[in-house]
Amino acid sequence: MANLIEQAKQQIDTIVADALARAVETGSLPAGSELHGIVEIPKDVSNGDFAANHAMAGARAFRMAPRKIADSLIAAMSLEGTWFSQVEAAGPGFMNFRLAPKWYADVLGAIVSEGSDYCRTDTLAGKRYMVEFVSANPTGPMHMGNARGGVLGDSLASVLDAAGAKVWREFYVNDAGNQVEKFAESIEARYQQLILGEDAVVFPEDGYHGDDIRDIAAAYRQEHGDGLLNVPAAERRATLAEYGLNRNIPKMKSDLERYGIHYDRWFFESDLHKSGYVDETVQKLIDLGRTYEKDGALWLKTSEILAENLRKAGKKPAEIEKLDLKDDVLRRANGFYTYFAVDIAYHRNKFEERGFDQVINIWGADHHGHVARLKGALDALGLNGSERLDIVLMQLVKLTRNGEVVKMSKRTGKAISLTDLLDEIPVDAARYFFNAKPDTQMEFDLDLAVRQDSENPVYYVQYAHARICSLLATLAADGCPVPETADLTLLNAEQEHDLIKQLAALPEEIRTAARDYDPSRINRYVTELAARFHRFYNACRLRGAEPDVLAARLILADCTRRVIEMSLALIGVSAPESM
């Protein structure tokens, strides 16, 4: 993929290096030193499109004022055959470079020639990434945190894929352990109450009280009758748990597919237990001397492991002691493994058995305390969890309507689930809004999400795409289709240049979004792209323009359409051709 912004920066480095060699030959700069600087896009581009600080960085080595170094370099520079038309010194010694028409033409040429590959790069080529996200307990409906995590995980996976990684999407199903026991006991109580009466059976105090549990019990009774009342309690609970999970998990899959999310695998916790993998993992920790027994339970020496990691990171003993690190139970006195033990086994499976180079989990912020402990356990197993496991913590979602916080669904009168949300607002709006920076608490305005005006960012971007499609179709009907070639150097208006610069920024945005695990950069990028297109459209007429200028502007509009579509596809949002 052609990253012409990065290539332009590299070309400036080459131009400066060549100028230094000539300046040394002429004696205007002393020999024996190299120049290494930073090339950046300044906030104010009125004096240049790129600013280079090489002269300032070389002041000490050359024992000269930066401005004098800059003047000497510029005097020795040749811009012929480059992407730059002008360079001048500014301030204490910056060198400001102005782009030539050829660069703008080459950006559009790259979009046309590369097609859908324009939104791809090889930054992460050869790397295998797993993104595990949502992983909601299958004991009830998915909530707003799952809705946000689903978008963040899916969009991040798309960005990593666009950056060249081989990406695997996974949902971890907690179909074993305490929550499933509680699920079974809750359905059992409701089932018995249906047959014997509510007063005859006490509902577990810590059970799941939702109406969905009542629905499962009623559905089972309708299908299978009352016979389960007469079997042993353990058998009854196992049967009801299996029935409930077999209802809930397909519903979760269909809800997420409706949301545009598809997984490579739904990984079941029960498989870890059945295969003996949890036993094997815990035994490895025992053999490594990382455990001890106390009060009949098996403990992991978490405090010891974390202290070792902190010492390696440069923490002093006194600082570590203040943290009051604690150990964790792996196996309770009753012989059952804790969730932490199973989680260690699951992540060992990701690295050791399936060979992922990097694993990313999307978790709620309430899991913050679990991060270092899990990484430490993987370090103890020799899997380098500190480096290879990344946790993206997301903050809570606050739904609002008419400026008021919303906690209940208008349709059902219950806590809003993912299903309720998608019944109320379009999937595109949900995906666009939820793809916000994960480390900030977000406010989801339900009124804004359904508005059809420029205040709604997803509508604003989709409207720009539809507007371009309509414009190109109308001009094609008038005998002016998008040409295969044109003199793109005729695009020299400020609004044209601003639009092309934004088109050129997509490859770098993808690279940075993948590096920072922040797919919300694509939202901000494409919103700004739509804004620049609207400014271009309002300032630079197409209908009635000179034929050569019209041809160039048609290609610019079509390239903008393509890049908007690619950008929206990265975050799972459609690009409608009409609205």
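Residues: numbered from 1 along the sequence shown. For clarity, every value in this text was computed on a predicted model and none was experimentally measured.
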> Just by modelled atom types, is the Asn492 backbone N or O under 3.5 Å from a matching donor or acceptor in the Glu496 side chain?
Replying inline: yes
>> Can a side-chain donor-acceptor contact be found between His262 and Asp154 if the only test is distance below 3.5 angstrom?
In response: no
> Should the pair Asp558-Arg561 be classified as a salt bridge under the 4.0 Å nitrogen-to-oxygen rule?
Replying inline: yes
> Roughly how far, to the nearest 0.5 Å, is the CG atom of Leu323 from the CG atom of Leu306?
Replying inline: 9.0 Å
>> Strictly below 4.0 Å, N to O, side chains only: are Arg388 and Asp357 in salt-bridge contact?
In response: no
> Got a donor-acceptor contact below 3.5 angstrom from the Gln11 side chain to the Trp83 backbone?
Replying inline: yes
> Got more than 12 heavy atoms from elsewhere within 6.0 Å of CD, Gln495?
Replying inline: yes
> Can you find a side-chain donor-acceptor pair between Gln358 and Asp390 that sits under 3.5 Å?
Replying inline: yes
> Do other residues, nucleotides or ligands put more than 12 heavy atoms under 6.0 Å from Phe94 CZ?
Replying inline: no
> Taking the side chain from Glu528 and the backbone from Tyr525, do they hold a donor-acceptor pair closer than 3.5 Å?
Replying inline: no
>> Ignoring hydrogens and geometry beyond distance, is a side-chain donor-acceptor pair present between Ser567 and Arg562 at under 3.5 Å?
In response: no
>> Let's go through Arg451 and Asp445 carefully: what are the C-alpha distance in whole Å and the side-chain angles of both, what is the deciding distance for salt bridge (Lys or Arg N to Asp or Glu O under 4.0 Å) to 0.1 Å, and is it a yes or a no?
In response: CA-CA 10 Å; Arg451 281 173 59 176; Asp445 188 336; over 6 Å; no
> Which heavy atom of Val573 sits nearest a heavy atom of Asp428, and at what distance?
Replying inline: CA-OD1, 3.6 Å
> Arg467 and His534: side-chain contact (heavy atoms from CB on, under 4.5 Å), yes or no, with the steps?
Replying inline: CA-CA 9 Å; Arg467 189 179 197 181; His534 290 308; 2.9 Å; yes
>> Using only atom types and a distance under 3.5 Å, with no angle test, would you say the side chain of His347 pairs donor to acceptor with the backbone of Leu378?
In response: no
> Are the charged groups of Glu494 and Arg532 less than 4.0 angstrom apart, N to O?
Replying inline: no
>> Is it true that, when you exclude Glu319 itself, more than 12 heavy atoms of the residues, nucleotides or ligands shown sit nearer than 6.0 Å to its CD?
In response: yes
> Any luck finding a side-chain donor-acceptor pair between Glu508 and Asn3 under 3.5 Å?
Replying inline: yes
> Are Arg348 and Glu352 ion-paired here, with the side-chain N under 4.0 Å from a carboxylate O?
Replying inline: yes
> Looking just at side-chain N and O atoms, do Tyr432 and Thr527 make a donor-acceptor pair shorter than 3.5 Å?
Replying inline: yes
> If you measure only the distance, is there a donor-acceptor pair under 3.5 Å linking the side chains of Glu34 and His36?
Replying inline: yes
> Charged N to carboxylate O below 4.0 Å: is that the case for Glu170 and Lys350?
Replying inline: no
> Under 4.0 Å between a Lys/Arg side-chain N and an Asp/Glu carboxylate O for Lys375 and Asp379?
Replying inline: no
> What is the distance from atom CG of Leu256 to atom CZ of Arg169, rounded to the nearest 0.5 Å?
Replying inline: 12.5 Å
> Considering all heavy atoms of both residues, which atom of Leu393 and which atom of His367 are nearest to each other, and what is their separation?
Replying inline: CD2-C, 4.5 Å
>> Can you confirm whether or not the ring centre of Phe171 sits under 6.0 Å from the ring centre of Phe133?
In response: no
>> Once rounded to the nearest 0.5 Å, what's the spacing between atom CD1 of Ile555 and atom CG of Leu488?
In response: 5.0 Å
>> Do Ser158 and Ile571 make a side-chain contact, defined as non-hydrogen atoms from C-beta onward lying under 4.5 Å apart?
In response: no
> What class does the angle between the rings of Trp168 and Phe356 fall in, given that below 30° is parallel, 30 to 60° is tilted and above 60° is perpendicular?
Replying inline: tilted
> Between Asn523 and Lys437, does any side-chain donor sit less than 3.5 Å from a side-chain acceptor?
Replying inline: no
>> With a 4.5 Å cut-off on side-chain heavy atoms, are Leu491 and Tyr104 touching?
In response: no
> Measuring from Asn384:CG to Phe351:CZ, what's the distance to the nearest 0.5 Å?
Replying inline: 8.5 Å
> Yes or no on ring pair (Phe, Tyr, Trp, His ring centres under 6.0 Å) for His370 and Trp363, after CA distance, side-chain angles and deciding distance?
Replying inline: CA-CA 10 Å; His370 190 53; Trp363 285 356; 5.4 Å; yes
> What do you reckon, is CG of Asp548 surrounded by more than 12 foreign heavy atoms closer than 6.0 Å?
Replying inline: no
>> Looking at every non-hydrogen atom in both residues, tell me the closest pair between Ala514 and Val159 and how far apart they are.
In response: N-CG1, 3.4 Å
>> Has Arg431 got a side-chain atom pairing as donor or acceptor with Tyr259's backbone, closer than 3.5 angstrom?
In response: yes
> Are any of the side-chain nitrogens in Asp161 or Lys166 under 4.0 Å away from the carboxylate oxygens of its partner?
Replying inline: no
> Hey, is CD on Glu387 packed in by over 12 heavy atoms from elsewhere, all under 6.0 Å?
Replying inline: no
> Can you name the nearest heavy-atom pair linking Leu499 to Phe533, along with the distance?
Replying inline: CD1-N, 3.9 Å
> Where is the tightest heavy-atom contact between Leu79 and Phe84, given as atom of each residue plus distance?
Replying inline: CB-O, 3.6 Å
>> Does any part of the side chain of Phe536, heavy atoms only, come nearer than 4.5 Å to the side chain of Leu542, both counted from C-beta?
In response: yes
> Where do Phe97 and Met95 come nearest, in terms of heavy atoms and distance?
Replying inline: CD1-O, 3.5 Å
> Cation over ring, Arg148 on Phe434, under 6.0 Å and within 45°?
Replying inline: no
>> What verdict does the side chain to side chain donor-acceptor pair (under 3.5 Å) test give for Arg524 and Ser520, after you've listed the backbone C-alpha separation in whole Å, the side-chain angles of each residue and the deciding distance to 0.1 Å?
In response: CA-CA 7 Å; Arg524 297 189 291 277; Ser520 70; 2.9 Å; yes
> Should the heavy atoms of other residues, nucleotides or ligands under 6.0 Å from CD of Glu353 be counted, would the total exceed 12?
Replying inline: yes
> Does the side-chain contact (heavy atoms from CB on, under 4.5 Å) test come out yes or no for Arg354 and Phe267, once each step is laid out?
Replying inline: CA-CA 13 Å; Arg354 292 190 278 167; Phe267 190 105; 3.5 Å; yes
>> Determine whether Phe50 and Leu99 satisfy the following criterion, side-chain contact (heavy atoms from CB on, under 4.5 Å), listing intermediate values before the conclusion.
In response: CA-CA 8 Å; Phe50 292 89; Leu99 288 163; 3.8 Å; yes
> Can you tell me how far CG of Asp117 sits from CD1 of Ile111, rounded to the nearest 0.5 angstrom?
Replying inline: 13.0 Å
>> One thing to verify: whether Lys9 and Asp13 come together as a salt bridge, which I'm taking to mean a side-chain N less than 4.0 angstrom from a carboxylate O.
In response: no
> To the nearest 0.5 Å, what is the distance between CG (Asp71) and CE (Met64)?
Replying inline: 9.0 Å
>> For Leu152, is there any backbone N or O sitting under 3.5 Å from a side-chain donor or acceptor partner on Asn435?
In response: no
> Is the shortest distance from a Lys or Arg side-chain nitrogen in Arg543 or Asp478 to a carboxylate oxygen in the other one below 4.0 Å?
Replying inline: yes
>> Between Asp487 (side chain only) and Thr489 (backbone N and O only), is there a donor and an acceptor less than 3.5 Å apart?
In response: yes
>> Checking the side chain of Ser28 only, and the main-chain atoms of Ala23 only, is there a donor and an acceptor separated by less than 3.5 Å?
In response: yes
> Would you find a donor on one side and an acceptor on the other, under 3.5 Å apart, between the side chain of Thr26 and the backbone of Arg22?
Replying inline: yes
>> As a quick check of understanding, evaluate side-chain contact (heavy atoms from CB on, under 4.5 Å) for Leu73 and Leu35, giving each step before the final call.
In response: CA-CA 11 Å; Leu73 288 170; Leu35 276 179; 3.5 Å; yes
>> Keeping Thr474 on the side-chain end and Ser470 on the backbone end, is there a donor-acceptor pair under 3.5 Å?
In response: yes
